[in-house]
Protein chains: 2
Amino acid sequence: MLTRSSTELVRQRNSVLVLAALRRHGALSHTEISDFTGLSSATISAITADLEKGEVIEKSEQQAASGRGRPRVQFRPRRDCGYLIVVIISSDGVQYSLVDYAGTLIDRFSEERSHDPHGAARFADAVGEGLERLLSRSRLSRTKIKLISLSSKGLVSSDDAVLLWSPIFGSERIDFEAALRASWQAKIILDNETLLVAAALGAREDAGNPDGLRSLAALSLGHSIGLGIVRNAGPAEREISAPNFGHMLHVANGGLCRCGSRGCIEAYAGFYAILRMAFEVPDDTIPAKFVPVGELDKIAARARQGHRMSAFAFRQAGVALGNGLSRLLSLTERMPVAITGPGTRYYDLLRPGIEEGLAQSHMVRMQGMPELRVVFDEPLLVFEGHLNRALSVIDGDIVQAGFHI
Amino acid sequence: MLTRSSTELVRQRNSVLVLAALRRHGALSHTEISDFTGLSSATISAITADLEKGEVIEKSEQQAASGRGRPRVQFRPRRDCGYLIVVIISSDGVQYSLVDYAGTLIDRFSEERSHDPHGAARFADAVGEGLERLLSRSRLSRTKIKLISLSSKGLVSSDDAVLLWSPIFGSERIDFEAALRASWQAKIILDNETLLVAAALGAREDAGNPDGLRSLAALSLGHSIGLGIVRNAGPAEREISAPNFGHMLHVANGGLCRCGSRGCIEAYAGFYAILRMAFEVPDDTIPAKFVPVGELDKIAARARQGHRMSAFAFRQAGVALGNGLSRLLSLTERMPVAITGPGTRYYDLLRPGIEEGLAQSHMVRMQGMPELRVVFDEPLLVFEGHLNRALSVIDGDIVQAGFHI
DNA sequence: ACTTAATTTCTCGACTGTCGAGAAAATAAT
DNA sequence: ATTATTTTCTCGACAGTCGAGAAATTAAGT
């Protein structure tokens, strides 16, 4: 609101509006774009002509037969306008994906991550090598890569692509911007993984019913706990954030967390915490680095057969999550919570605790229990979130640069 | 971003830009406006001519002698362009203020609030009567009132001016929009009191050093606990929110709170809670309705003289606040915390607890203790916040309506 | 007293943008 | 072939910003 406006800016904004419509609804004709954006037909002519001359969009070959009258000619993004690399960093490894401007996957491979403990410094270089490999396999010009979109669990400074805290490297920071800037002129962004899940769910949601949803939280359960929030601020404008939920204080002087603090939510609801409690290990024991899922499956099986301590471990985990969510909801507005991640397989065991933990707060007593839903297929959502976010960033950059830099 | 733009909108935005500059810096000349807004001189001529014709601004009489050359002629908002009523609802009473478009106070009086317990329904009417009284004293035309800006402690739905939960009326909702809409065509807004404090502090802050501050929290200590957050989102764009901090869960199954729940922060840090703990009353005792400040002063005096239980009560209160703040900061970014309200007189007793409570979290261990500052003069800040917010709302409305409805 | 320099404000033409109306294009139905 | 229908394109009107230079107005210099 408080920066000066000019007529050129109007054109820029309306151009990204057109591109966004194309992303959301696929190939569109002149009149459809006009309908979706609310811009007049004449303006659409002007903008599409510009975008076409700038080699950003192209006329689709197959024109949708629309009955009588002059046939519609559809526009769509040009695949070769620019390329995007998606890098998903997980505890097992790193997945590299090359995607074109139309959002279709071109190449993908994964690399094992060395579990070198003091490898934080080296890790950024390893990612650099992975990127080089992807580029050389593609035979594309380096300048065609417009954006490198990274994601990881943990705490992230998204402005400057610095990983501040991660489950694997702790508080050894990794500055991807600094590490990659020399070799790439592509923009580099880094987001929290669960934030992207939330973004994807939000996009799916209001693809179904536009402006139906106000906000939504995604809670990812696994070895660590992630949370992403998407909030509809203003007309069709989404705002996303990734609070440091897993390491929010659950109880003062509580169980020892992987991060070195005591009493974090993760120290009760992370996989290692459930394991610790199920085996009645003192809660100041140093947490296990990795817990195979099979191990937790066994505990879950025992809990389902009535083993008291195993059931209690899941219930305690649920209460920690429920209390945390209640605190979150006290600070925001009421919103539905989508639960994802490998931990969803134990949702039957966690749910009673979550509801108990939620019910202990003023907020829930006043406004009722928030809607809880379980969403599977987390990896797919992460990738979808990358695409949603990255492609719209590229759109903005291209338009701002006056098509083609 | 996702609504269509047009040239007219550009003019609107730039017009409010000019008005905002006038608000922030007082009367300004043509060239000064150009400097502050970044708009060209020609544009300033066009916009100021429009605003002057629309009777929104006027040329100031006293022209600042600026040495050689053609003397500067200053613009300022016309006092009679519109009027604003500020209604501050507190536990003691209701204060009504009439303010003109230039932001100067014209009339003010306070009314005792009847402590009628089932008076929620009647209260809105009482406010209506107060407004009538203010209007008739002013001899202004009713249509000249452009905005009624209310504030209260508690939980508020700001879009539609509904008080959802307040310390006095509990969860009996009060719909001011519905109650006043019939008699007033002025816009009606309702904000949380501490939110306005945060807004005022934020405005003061970046009046000092522009874009120096990223965000800020205001914590109001008193019979109840209030919190407001102001966040700088984008260039010179502020976002404010008032989370339900006082009733965020502190400890599960903890002390009984005034709201009926157990374990809220307020049930440990509110004045009644400190009283309860100092006298070793069981913490499930129904909280006192009102605690005279003198009573708490006595406890503070004893605590300062070394009385164990009194000191402990303040320390516990501090820990509750500290834990709550640590949770808040886990979910947002690190930000300075300004402490206001009557409770600041006990800050010496509270501080150790607050710091202990903060230190128990991962966030604080990683990023260090947030800056804590004490700010007196809360009532002044509340009024200042009203003005900041209300006048810019009026500016927006006037411009949108094409000067004069 | 007159001129000159300095500074501020105003005005004009160029440019960019959106929009509505209607022309042009292209196909199906008659 | 012609007509109806639908889509796309084009043109002129209008709104806005900007840079450059003209006009206004005062202080300083002679």
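Lettering of chains follows the sequences in order, A, B, ..., and the numbering in each one begins at 1. What you see below is based on every heavy atom in this structure, not just the backbone, and it leaves out hydrogens, waters and symmetry mates.
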Rounded to the nearest angstrom, tell me the gap between atom NZ in Lys59(A) and atom P in dA26(C). 11 Å

Take the protein atom CZ of Arg13(B) and the nucleotide atom P of dT17(D), then report the distance between them rounded to whole Å. 12 Å

State which of dT11(C), dT7(D), dC19(C) makes the closest approach to the side chain of Ser45(B). dT11(C)

Which nucleotide in the list dT18(C), dT9(C), dC18(D) gets nearest to the side chain of Ile47(A)? dT18(C)

When you measure from the side-chain N and O atoms of Arg68(A) to the phosphate of dT6(D), is any distance below 4.0 Å, counting only OP1 and OP2? no

Nucleotide of dG16(D), dT18(C), dT9(C) approaching Thr43(A) most closely (side-chain heavy atoms): dT18(C)

For Ser151(A) and His386(A), test the side chains for any donor-to-acceptor distance below 3.5 angstrom and give the result as yes or no. yes

Can you find a side-chain donor-acceptor pair between Ser215(B) and Glu333(B) that sits under 3.5 Å? yes

Separation of Arg70(A) atom CZ from dT10(D) atom P, in whole Å? 9 Å

Does Ser40(A) make a side-chain N or O approach to OP1 or OP2 of dC19(C) shorter than 4.0 Å? yes

Whole-Å gap separating C1' (dT18(C)) and CG (Asp50(A)): 13 Å

Cationic tip of Arg23(B) above Tyr101(B) ring, under 6.0 Å, 45° of axis: yes

Could you check how far CG of Leu17(B) sits from P of dT17(D), rounded to whole Å? 11 Å

Between atom CG in Leu28(B) and atom P in dT9(C), what is the gap in whole Å? 11 Å

Write down the distance between CZ (Arg11(B)) and C1' (dC14(D)), rounded to a whole number of angstrom. 13 Å

Have Asp160(B) and Ser157(B) got a donor and an acceptor in their side chains that come within less than 3.5 Å? yes

Return the 5'-most residue of the pair Glu8(A), Ala42(A) with respect to DNA chain C, ranking by each residue's nearest nucleotide. Glu8(A)

Report yes if a donor N or O on one partner sits less than 3.5 Å from an acceptor N or O on the other, where the partners are the side chain of Ser6(B) and the base of dC19(C); otherwise report no. no

Under the side-chain contact (heavy atoms from CB on, under 4.5 Å) test against Asn14(B), which residue among Ile44(B), Ile47(B), Val399(B) passes? Ile47(B)

What is the distance, to the nearest angstrom, from the NZ atom on Lys53(B) to the P atom on dC10(C)? 13 Å

Donor/acceptor link under 3.5 angstrom from Ser41(A) side chain onto base of dC9(D): yes

Does Asn14(A) place a side-chain N or O at less than 4.0 Å from the phosphate oxygens OP1/OP2 of dT18(C)? yes

